[in-house]
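Predicted model, so just to flag it, every value in this text is computed and none were measured. Whatever order the structure lists them in is the order used to number ligands and atoms, beginning at 1.
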Amino acid sequence: WRRSLSSFGFSGQALHSCFFPRTSVCTRPFATSMKEKVVSVLYKGGAAGRENKRILGCVENELGLRSFVESKGAEFVVTSSKDYPNSTLDKHLPDATVVISQPFWPAYITAERVAKAPNLKLAITAGVGSDHVDLAAACEKNITVAEVTGSNVVSVAEHVVMMILSLVRNYLPSHEIATSGGWDIAECASRAYDLEDKHVGTVAVGRIGHRVLKRLVPFDVHLHYFDPFKRLSPEDEKALNVTYHATLESMLAVCDVITINAPLHPMTENLFDSAMIAKCKKGVYIVNTARGKIVNAQAMADAVAAGHVAGYAGDVWFPQPPPKDHPWRTMQWNGMTPHYSGTTLDAQARYAAGTKEILENYFDGKPQRQEYLIVDAGKIVSPAYTKGNTTTGAK
Ligand code: NAI
């Protein structure tokens with residue numbers, strides 16, 4: 001398990017301090033006399049960002065935080081420049097006390113970057129999913145890692161349902177036929193099915209996975225779930241008429257559609273490699289809005305080319321942005337988009353408000369909401385990340 005964790009960025013002393021918590025547990029950052037410096041790495045807004053002030057998550061609109069941060073006497077740096085090692089982020093790391101980053105435009109807060117940021121106290125994810133931060137390094141340096149848990153889970157669940165329907169009904173290729181002047185009904189219909197009566201399974205039944213199941217009930221499908229750390233209550237299972245699977249393999253063997261909704265951690269990284277994909281039913285559709293690294297990119301492209309997977313959709317890649325020649329950009333039967341399912345205008349309002357709440361608690365020396373905390377007082381405290389590690393042997 002150490003080897004698997006270290007390939008994920010967990011190593012040596014850092015590992016020790018992660019799972020064997022420090023004796024002095026502090027729930028909030030200690031006060032410091034140095035000037036606070038908040039460095040926020042956001043995606044470029046371009047024309048859309050300049051025109052639409054509701055795109056809060058872009059550089060132009062700064063999460064709506066500038067006057068608030070400056071009213072606290074802190075310096076506020078906002079940039080989209082994140083590529084290691086000569087980015088604006090890297091330039092400001094030595095005296096940054098807070099870094100804000102986003103899964104959609106991830107500034108990978110690696111161990112090297114943590115080492116370059118001796119004053120860093122708080123790393124905030126403006127969104128959900130903090131795997132772009134080296135959590136072991138954050139534990140080691142006693143950096144609090146917090147995210148706006150729950151802020152965009154409805155947005156993603158809706159997106160998953162949209163992508164399932166678009167794959168099963170052959171929507172995108174048919175749309176392309178229409179927009180390119182064609183009228184080939186047989187071509188559109190040759191890969192179009194009803195969702196009704198199909199078997200649909202979620203990998204993970206957390207906030208998003210559970211919401212996906214609820215949204216699929218009216219389609220009269222057979223629902224399934226696999227989650228090694230969570231069993232729904234008997235009432236919930238009955239209401240959803242959902243089948244629980246003790247192993248992923250058991251679920252893959254029966255499902256026509258798989259939706260992946262688990263966090264990225266050592267147990268889920270590369271979970272869908274060629275061997276696991278081969279255990280899916282031939283002709284399966286797979287939707288992954290969780291994290292790109294959960295699926296082996298080339299293995300998926302090969303499985304689609306071979307016809308074993310009938311279609312793959314999602315909005316998460318690795319790295320982000322992906323290179324122009326990433327196989328998912330051009331593979332057939334793909335419904336990929338840039339990472340935007342969790343950044344609808346509604347979601348942006350929620351994660352911007354949550355980011356402000358986290359900052360306010362930090363400046364005022366108040367404790368953070370427990371469900372927002374990923375790393376606190378030198379240990380990983382979020383169940384989304386501790387449980388995946390527990391199975392690999394850590395306590
Ligand atoms: P959550 O913390 O509410 O639920 C996670 C669930 O995953 C838990 O039930 C846990 O038991 C389960 N799980 C952990 N390891 C597993 C494994 N090996 N196999 C199966 N299940 C496992 O998290 P939430 O809010 O549902 O989000 C899930 C993930 O979705 C996030 O960690 C993030 O990576 C991704 N996400 C993507 C977004 C997007 O814009 N595409 C936006 C929000 C989240």
With a 6.0 Å cut-off on the ring centroids, do Tyr312 and Trp333 count as close? no

Does NZ or CZ of Lys293 fall inside the cone over Phe318's six-membered ring, less than 6.0 Å from its centre and within 45° of the axis? yes

Within 45° cone and under 6.0 Å: Arg291 NZ/CZ vs Trp317 ring: no

salt_bridge([X], [Y]) N-O dist < 4.0 Å:
{"X": "Asp95", "Y": "Lys35", "result": "no"}
{"X": "Glu357", "Y": "Arg369", "result": "yes"}
{"X": "Lys356", "Y": "Glu360", "result": "no"}

Contacting atoms of ligand 1, where contact means under 4.0 angstrom from a heavy atom of [X]:
{"X": "Val153", "result": "25 (O)"}
{"X": "His339", "result": "39 (C), 40 (O), 41 (N)"}
{"X": "Ala384", "result": "2 (O)"}
{"X": "Thr268", "result": "17 (C), 18 (N)"}
{"X": "Asn261", "result": "28 (C)"}

Would you say His265 contacts ligand 1, with heavy atoms under 4.0 Å as the rule? yes

Quick one: does Phe104 get a heavy atom under 4.0 Å from ligand 1? yes

Pick from [options]: the one approaching [atom] most closely through a non-hydrogen atom:
{"atom": "atom 41 (N) of ligand 1", "options": "Ile260, Thr289, Val128", "answer": "Thr289"}
{"atom": "atom 21 (N) of ligand 1", "options": "Gly127, Ala204, Gly209", "answer": "Ala204"}
{"atom": "atom 14 (C) of ligand 1", "options": "Tyr351, Phe226, Phe229", "answer": "Phe229"}
{"atom": "atom 29 (C) of ligand 1", "options": "Pro383, Gly342, Ala262", "answer": "Ala262"}
{"atom": "atom 17 (C) of ligand 1", "options": "Pro228, Ser155, Ser382", "answer": "Pro228"}

Qualifying residues under side chain to side chain donor-acceptor pair (under 3.5 Å), relative to Arg54, sequence neighbours excluded: none

Would you please classify the geometry between the Tyr285 ring and the Tyr193 ring as parallel, tilted or perpendicular, with 30° and 60° separating the classes? perpendicular

Determine the interplanar angle of the Tyr43 and Phe104 rings, folded into 0 to 90°, and report it as parallel if under 30°, tilted if 30 to 60°, perpendicular if over 60°. perpendicular

Side chain, backbone, both or neither: which part of [X] comes within less than 4.0 Å of ligand 1 when only heavy atoms are counted?
{"X": "Arg291", "result": "side chain"}
{"X": "Val156", "result": "side chain"}
{"X": "Ile208", "result": "both"}

Arg191 atom CZ, over 12 foreign heavy atoms within 6.0 Å: yes

Purely on distance, is any nitrogen or oxygen of Asp227 under 3.5 Å from one on ligand 1? yes

Polar atom proximity, Ser341 to ligand 1 (N or O, under 3.5 Å): yes

Check the pair Tyr362 / Ile358 against side chain to side chain contact (heavy atoms under 4.5 Å, CB included), numbers first and verdict last. CA-CA 6 Å; Tyr362 168 78; Ile358 293 167; 5.6 Å; no

